[in-house]
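These numbers come from a predicted model, not from an experiment. Positions are given from 1, in the same order as the sequence printed here.
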Amino acid sequence: MPFAQRPNPGLSLDEVKVDAFNKISKQIALRQKVPFVDLAAKFPLVEEQRVKYFANGFNQPNLEGHMLIKNALEAVCSRGL
């Protein structure tokens with residue numbers, strides 16, 4: 001997605017605050033006894049490094065992005081709860 005067409009064109013990943021969302025999600029995961037993975041933390045914060053993981057350079061993972069997600073999920077799931 002071109003930068004000017006993004007929902008919030010001036011918003012960079014390091015400005016996105018996902019801490020509260022992750023905290024609640026982790027609490028729910030623990031309560032439901034399911035694994036929790038902070039996938040956003042697996043992607044580089046620097047946009048120039050991050051774009052290689054996205055088909056549109058912003059939010060749609062390409063094969064490398066899906067592999068990053070898959071590896072993070074497998075690492076957590078293999079450890080168990």
Side-chain angles (χ1 to χ4, degrees):
M1 174 180 294
F3 187 74
Q5 295 177 13
R6 294 180 187 176
N8 295 305
L11 191 63
S12 64
L13 187 61
D14 57 341
E15 294 176 274
V16 177
K17 305 299 182 205
V18 294
D19 293 342
F21 176 78
N22 283 343
K23 182 178 179 183
I24 292 168
S25 297
K26 189 171 186 175
Q27 288 174 352
I28 292 169
L30 289 170
R31 193 174 305 140
Q32 297 299 316
K33 298 181 179 163
V34 297
F36 171 79
V37 182
D38 179 3
L39 293 174
K42 301 301 179 185
F43 290 92
L45 283 177
V46 179
E47 185 163 356
E48 291 79 21
Q49 296 170 358
R50 189 176 61 250
V51 295
K52 78 174 192 173
Y53 295 101
F54 295 98
N56 63 358
F58 178 59
N59 65 352
Q60 179 58 49
N62 59 18
L63 180 59
E64 286 185 81
H66 283 288
M67 292 304 294
L68 190 93
I69 292 167
K70 175 186 171 282
N71 293 338
L73 290 170
E74 284 179 343
V76 169
C77 292
S78 68
R79 288 194 305 251
L81 293 175

Same cluster for I28 and V37 if Ile/Leu/Val/Met/Phe/Trp/Tyr side chains link at under 4.5 Å?
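Shared cluster, no.
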To the nearest 0.5 Å, how far apart are [atom1] in [X] and [atom2] in [Y]?
X	Y	atom1	atom2	result
L73	L39	CG	CG	5.0 Å
K42	K70	NZ	NZ	14.5 Å
N22	F36	CG	CZ	4.0 Å
H66	F54	NE2	CZ	9.5 Å

Results of salt bridge (charged side-chain N to carboxylate O under 4.0 Å, His left out) for K23 - residues two or more places apart only:
none
Side chain to side chain contact (heavy atoms under 4.5 Å, CB included), that's the test. Do F43 and I69 meet it? Break it down for me.
CA-CA 9 Å; F43 290 92; I69 292 167; 3.9 Å; yes
Closest approach of L68 to Y53 (non-hydrogen atoms, all atoms of both residues):
CD1-CE2, 4.0 Å
Between A29 and P35, what is the shortest heavy-atom contact and its length?
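Here A29 and P35 meet closest at CB-O, 4.1 Å.
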